[in-house]
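On a predicted model such as this, the values are computed, not experimentally measured, just so you know.
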Amino acid sequence: MSFFISEAMAQTAPGAAPAGFDPMSMIFLVGFVVIFYLMIWRPQSKRAKEHKNLIGGLSVGDEVVTGGGILGKVKKVTDEFIVLEVSEGQELKFQKGAVVAALPKGTLKAI
């Protein structure tokens with residue numbers, strides 16, 4: 001039985017690179033990071049920047065949509081909250097972050 005063990009030992013190939021450095025794995029890793037940046041990080045940061053500009057630019061009279069799908073006209077703006085008029089005499093208070101889109105002027109009259 002012991003004569004099989006000596007044959008099973010692995011031999012290194014002549015001229016092989018040391019085990020610590022593999023250029024193909026480095027290229028693969030760099031490619032993965034580039035794809036991650038282009039497909040995930042960059043679009044997400046662009047959306048976050050647009051949302052921040054939307055929230056910062058809210059003013060009285062703007063027509064907006066909240067994350068829950070509620071349409072309303074901005075009646076009051078504070079540092080963290082807005083008050084939306086959703087119908088005649090009905091006002092609701094929301095956090096600014098709940099606003100997901102601004103509508104063109106006159107959209108609510110058409111509905």
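- With hydrophobic clusters built from ILVMFWY side chains whose heavy atoms lie under 4.5 angstrom apart, Leu92 does not share a cluster with Phe81.
- Side-chain atoms of Phe94 and Ile70, non-hydrogen and from C-beta on, do get closer than 4.5 Å to each other.
- Other residues, nucleotides and ligands place no more than 12 heavy atoms under 6.0 Å from the CD atom of Gln95.
- Side-chain atoms of Val64 and Leu103, non-hydrogen and from C-beta on, never get closer than 4.5 Å to each other.
- Sorted by first and then second residue, the side chain to side chain donor-acceptor pair (under 3.5 Å) pairs involving residues 52-64 (not counting sequence neighbours) are Ser59-Asp62, Asp62-Lys105.
- Other residues, nucleotides and ligands contribute over 12 non-hydrogen atoms within 6.0 Å of the CD atom of Glu50.
- Between Lys96 and Asp79 the shortest side-chain heavy-atom distance does not fall below 4.5 Å.
- In this view, Lys75 and Glu85 satisfy the salt bridge (Lys or Arg N to Asp or Glu O under 4.0 Å) rule, not counting sequence neighbours.
- Residues Val65 and Val74 are members of separate hydrophobic clusters, defined by side-chain heavy-atom contacts under 4.5 angstrom among Ile, Leu, Val, Met, Phe, Trp and Tyr.
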Contacts under 3.5 angstrom, residues 29-37 side chains, donor-acceptor by atom type, not counting sequence neighbours:
none

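- Note: the hydrophobic cluster containing Val99 does not contain Leu108 (ILVMFWY, side chain heavy atoms under 4.5 Å, direct or indirect links).
- Shortest non-hydrogen contact noted between Leu38 and Pro43 is O-CD, 3.5 Å.
- Between the CD1 atom of Ile82 and the NZ atom of Lys93 there is a distance of 11.5 Å, given to the nearest 0.5 Å.
- Hydrophobic clustering (ILVMFWY, side-chain heavy atoms < 4.5 Å, transitive): Leu84 and Leu54 are in one cluster.
- Residue pairs meeting the salt bridge (charged side-chain N to carboxylate O under 4.0 Å, His left out) criterion with at least one member in residues 27-46, sequence neighbours excluded, do not occur.
- Scored by the side chain to side chain donor-acceptor pair (under 3.5 Å) test, Glu88 finds no partners at all (sequence neighbours excluded).
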